[in-house]
Each structure stands twice: as C-alpha cells, then as structure tokens.
Colleague: 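Encoded as structure tokens, here's the structure I'll be asking about.
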Number of protein chains: 2
Amino acid sequence: MTRSTLETAVAANHELFMQTGDRIESVLAEFGLTPATAQALWAIDPTEAPPSMKSLAARLYCNAPNLSFVMNQLTDRGLVERSADPSDRRSRVVALTEDGRRVRSAVIEATLALTPFAGLTDDELRQLVQLLGKALGRGGTGGPPQAPAAS
Amino acid sequence: MTRSTLETAVAANHELFMQTGDRIESVLAEFGLTPATAQALWAIDPTEAPPSMKSLAARLYCNAPNLSFVMNQLTDRGLVERSADPSDRRSRVVALTEDGRRVRSAVIEATLALTPFAGLTDDELRQLVQLLGKALGRGGTGGPPQAPAAS
DNA sequence: CCAGATGCTTCGAGCCTCGAATCAATTGGT
DNA sequence: ACCAATTGATTCGAGGCTCGAAGCATCTGG
C-alpha cells in the first residue's frame with residue numbers, strides 16, 4: 001500500500017459520499033427535492049424538538065442566509081413549517097409537516113436501499129459505526145446521535 | 001440504538017465528509033482553490049497515466065461541460081495542462097504541471113492533518129479502510145485504488 | 001430607557017451544475 | 001473510398017447553491 005492509510009480512508013469516505021449522492025439523485029427528483037433540500041429535510045429529526053434556524057445551520061455547515069433559502073423551498077413544497085419560538089421571538093423553530101415526515105422517511109428508506117453500505121453485514125456495519133463514531137469524537141457506544149445526513 | 005445501524009453509518013459518513021470539507025475550506029482558499037477545483041486536483045494522481053476528460057468526469061460524478069468548466073479554472077491557475085491524446089485526437093488528457101503537483105500535495109497534506117479521521121489509531125484506520133473498501137466493492141486487500149477525493 | 005448583541009431575512013454577487021447545441025475526430029457499413 | 005452514425009470535448013444559457021453585507025425585530029445588560 002503506497003498511499004497512507006489515512007489518505008485512503010479520506011478518499012474512501014469521499015467516494016462513498018459521492019456514490020450515495022449519485023445513486024439517490026433520481027429518487028430525490030421524483031420527490032421534487034434537490035440535494036440541498038433533501039439534506040436539510042434529513043437533518044430534521046421528527047422525534048426530537050424542532051430545531052431553530054441557527055442550530056440547523058450549524059448542523060448543515062451552512063450560514064443563515066443559505067438555510068433561509070433552502071427552508072423557503074421546503075416550506076413552498078409544504079414539507080416544513082416555521083413558527084416563532086415563544087421563549088425567544090427572534091428565533092424561529094422548524095418542524096416537519098405530516099407530508100414532510102412521510103417524504104423524509106421515504107428518502108431515508110430509498111437511501112438505505114441504494115447506499116453502497118448496504119452491502120456490508122450487520123457485524124461489519126456495527127464495527128464501522130463504532131469507528132466512524134470515534135472519528136467524530138462521539139464517545140464509546142451510546143453517545144447522543146446528532147448527525148445530519150446524506151445529500 | 002433506535003436508528004438502524006445502516007442509517008447511522010450513512011449519517012456518520014456524511015457528517016465526516018462535511019466536517020472535513022468545512023475544516024479545509026480556509027486552506028483551499030489560501031491556494032486559490034474552490035471545493036470543486038480542489039476535488040478535481042486531488043483526483044488527478046500524478047503517479048498514474050494522465051486521464052482523459054471523460055474518465056475524469058466519471059471519477060468525479062459530473063458531466064462533461066462541468067468538468068470543462070472546472071479544468072479551465074485549473075489551467076488558468078497554471079496547475080494542469082490539457083493535451084491531445086495521440087491515439088484518439090478527439091480525446092484530451094489532463095496532466096498536472098510542476099506547480100500542480102506541489103499544490104496537490106500541499107492540499108492532501110493539509111487535509112490529512114485536519115480530517116477527523118486523524119484521531120484514529122493505525123489499527124483502527126486499517127480496519128476502517130478495509131470496511132469502506134468492501135462497501136465500495138473493492139475486493140479484499142489489494143484492489144486497485146481508483147478513488148477520487150475530498151472537497 | 002438606551003446601546004449593543006443576537007436571530008433571521010432580503011438582496012446581490014459569484015460559484016457550481018446541467019441540458020442543448022456545436023465541432024472535430026473516429027468507427028462501421030456499403 | 002465514402003457517408004452516416006457515434007463519440008469526446010467545448011461553448012452557451014439557465015437554474016441551483018452559497019456567501020457577505022445590510023436591514024429588521026427582539027433580547028440583554030447597564
């Protein structure tokens with residue numbers, strides 16, 4: 001192995017990201033989603049408290065204007081709703097609509113069916129999650145999952 | 001663990017990609033590179049035969065016009081050179097210039113220093129590369145590395 | 001009560017990506 | 001040898017994505 005293991009890992013991470021995005025592209029289009037809107041939709045976990053624009057932007061590594069733009073598309077599409085945070089009326093929290101929850105589930109479903117990771121066994125996946133989690137600095141086993149996700 | 005392991009793996013892979021990109025952003029700017037040009041530069045391995053536009057586009061999951069656009073930036077920047085392929089004069093092969101090789105090395109160096117994967121031990125990295133490689137369908141240990149890389 | 005800080009949005013600019021059209025070169029059939 | 005179809009690359013125009021600057025509303029500290 002001439003390339004360093006670290007370089008290979010970074011390259012493989014990148015490649016898997018690109019391949020996954022490439023494979024779900026047409027599915028997203030069927031739902032009227034773009035990579036950016038799909039990523040944002042995925043990042044809103046309906047089982048958690050609706051995030052503010054600020055926290056969502058941080059989660060997506062984008063700035064506030066960008067998130068406003070993307071959220072406008074999702075609200076136009078009827079998938080999310082913005083409402084004022086009662087405790088701080090400057091802040092707006094974003095929640096999925098009923099339709100938003102359905103589309104989000106469908107997108108995740110399709111992604112899990114198409115991602116190259118689907119070719120790994122359960123044991124391999126658990127090992128992998130362990131290693132990726134450590135790289136992300138999420139402690140041993142049970143750290144709170146706060147990750148966003150695929151484009 | 002309430003989320004499926006597969007979903008967690010996809011989310012973690014995505015998160016690592018985004019975090020890496022976020023961390024190297026300022027380094028790329030110092031080299032006058034954008035995410036797209038840096039990715040293309042990385043994808044040209046100087047130890048291999050210069051790829052054609054077509055094969056490079058496939059490697060980067062983009063189409064021909066897009067790659068033309070990105071390559072124009074890299075040639076303007078003096079990092080790559082295009083020349084006609086003698087065996088098929090429709091095709092143009094892309095090669096790094098001396099400066100291109102230097103900048104490419106520096107970008108990779110900076111990325112490896114900043115990526116969250118750097119927090120793993122050698123053993124963990126080897127395990128990880130093994131798993132990612134299997135997901136990518138690259139056989140056991142020695143499959144030919146053909147991956148592109150980070151933005 | 002006011003000055004500064006904070007959260008969000010709008011606006012304008014630049015970058016990224018794509019489909020359609022075009023040109024040059026190759027390939028295959030006759 | 002010729003011509004039609006194919007292929008690789010580029011240009012052009014449109015649209016999507018991302019950002020910094022500016023503006024507005026709200027909160028906080030003094």
Side-chain angles (χ1 to χ4, degrees), chain A residues 14 17-18 21-22 24-26 28-29 31-43 50-77 80-95 148 150-151, chain B residues 17-18 21-22 24-26 28-29 31-44 50-77 80-95 148 150-151:
Chain A
H14 182 108
F17 175 83
M18 295 296 284
D22 184 61
I24 65 175
E25 188 184 15
S26 59
L28 298 186
F31 284 112
L33 294 173
T34 62
T37 49
Q39 178 187 26
L41 187 66
W42 190 313
S52 68
M53 294 292 285
K54 181 185 179 63
S55 62
L56 244 192
R59 206 178 293 180
L60 296 171
Y61 298 94
C62 73
N63 59 11
N66 188 2
L67 186 59
S68 275
F69 175 80
V70 172
M71 281 302 126
N72 282 339
Q73 299 179 66
L74 285 175
T75 53
D76 291 350
R77 180 79 179 65
V80 308
E81 277 174 349
R82 277 185 272 212
S83 54
D85 177 350
S87 73
D88 183 346
R89 308 220 327 281
R90 290 171 303 179
S91 181
R92 288 169 179 276
V93 295
V94 182
S151 71
Chain B
F17 175 82
M18 297 296 285
D22 183 61
I24 65 175
E25 188 184 17
S26 58
L28 298 185
F31 286 111
L33 293 173
T34 62
T37 50
Q39 178 188 28
L41 187 65
W42 189 312
I44 303 174
S52 67
M53 294 291 285
K54 180 185 179 63
S55 63
L56 244 192
R59 206 179 292 180
L60 297 170
Y61 298 94
C62 73
N63 59 12
N66 188 2
L67 186 59
S68 275
F69 175 80
V70 173
M71 281 302 126
N72 282 339
Q73 298 180 68
L74 285 175
T75 54
D76 291 350
R77 181 81 178 63
V80 306
E81 277 173 349
R82 278 184 271 209
S83 55
D85 177 350
S87 73
D88 182 343
R89 308 220 325 281
R90 289 171 302 180
S91 182
R92 288 170 180 275
V93 295
V94 183
S151 72

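By convention in this document, chain letters (A, B, ...) are assigned in the order of the sequence lines, proteins followed by strands, and residues within each chain are numbered from 1. Side chains included, hydrogens not; waters and symmetry mates left out as well; all remaining heavy atoms used.
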Colleague: Does any part of the side chain of Asp85(B), heavy atoms only, come nearer than 4.5 Å to the side chain of Met53(B), both counted from C-beta?
Modeller: no

Colleague: Specify the separation, in whole Å, of atom CG of Leu28(A) and atom C1' of dC17(D).
Modeller: 15 Å

Colleague: Sequence neighbours excluded and cut-off under 3.5 Å, please list the side-chain donor-acceptor pairs for residues 63-70 of chain A, or say none.
Modeller:
residue  : atom : partner  : partner atom : Å
Asn63(A) : OD1  : Asn66(A) : N            : 3.2

Colleague: Between the protein and nucleotides 11-16 of chain D, list every N/O to N/O distance that falls short of 3.5 Å.
Modeller:
none

Colleague: Taking only residues two or more places apart in sequence, or in another chain, which ones meet Arg90(B) in a side chain to side chain donor-acceptor pair (under 3.5 Å)?
Modeller: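 Applying side chain to side chain donor-acceptor pair (under 3.5 Å) to Arg90(B) gives Asp88(B).
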
Colleague: Got a sec: does the CD of Glu81(B) have more than 12 other heavy atoms crowding it under 6.0 Å?
Modeller: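 Incorrect, the count does not exceed 12.
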
Colleague: Can you sort out which residues in residues 85-95 of chain B have a heavy atom within less than 4.0 Å of DNA chain D? Ascending by number, please.
Modeller: Arg90(B), Ser91(B), Arg92(B)

Colleague: Please report, rounded to the nearest Å, how far the P atom of dT18(D) is from the CE atom of Met71(A).
Modeller: 12 Å

Colleague: May I ask you to test the Pro51(B)-Arg59(B) pair for a side-chain heavy-atom distance under 4.5 Å?
Modeller: yes

Colleague: Do Leu56(B) and Ile44(B) have side chains that approach each other closer than 4.5 Å (heavy atoms only, starting at C-beta)?
Modeller: yes

Colleague: Could you check whether the rings of Phe17(B) and His14(A) sit parallel, tilted or perpendicular, using 30° and 60° as the cut-offs?
Modeller: perpendicular

Colleague: In chain order, what residues pass the side chain to side chain donor-acceptor pair (under 3.5 Å) check against Asp76(B), with sequence neighbours excluded?
Modeller: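 Side chain to side chain donor-acceptor pair (under 3.5 Å) check on Asp76(B) returns nothing, list empty.
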
Colleague: Rounded to the Å, how far apart are Glu25(B) CD and dC19(D) C1'?
Modeller: 10 Å

Colleague: Is the backbone of Leu33(A) close enough, under 3.5 Å, to the side chain of Arg77(A) for a donor and an acceptor to pair up by distance?
Modeller: no

Colleague: Using a 4.0 Å cut-off to any heavy atom of chain A, which nucleotides of DNA chain C are the first and last in contact, reading 5' to 3'?
Modeller: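 Counting from the 5' end, contacts occupy dT6(C) to dT10(C).
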
Colleague: Within the 4.5 Å heavy-atom criterion, are Gln39(B) and Met18(A) side-chain neighbours or not?
Modeller: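 Yes. Closest side-chain heavy atoms under 4.5 Å.
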
Colleague: Using atom CE of Met53(A) as one end and atom C1' of dT18(D) as the other, report the distance to the nearest whole Å.
Modeller: 14 Å

Colleague: Is a donor from one side chain sitting under 3.5 angstrom from an acceptor on the other, for Asn72(B) and Arg82(B)?
Modeller: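 Distance-only check passes for Asn72(B) and Arg82(B).
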
Colleague: Check the distance between dC17(D)'s P and Leu33(A)'s CG and give it to me in whole angstrom.
Modeller: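 After rounding, the reported distance stands at 10 Å.
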
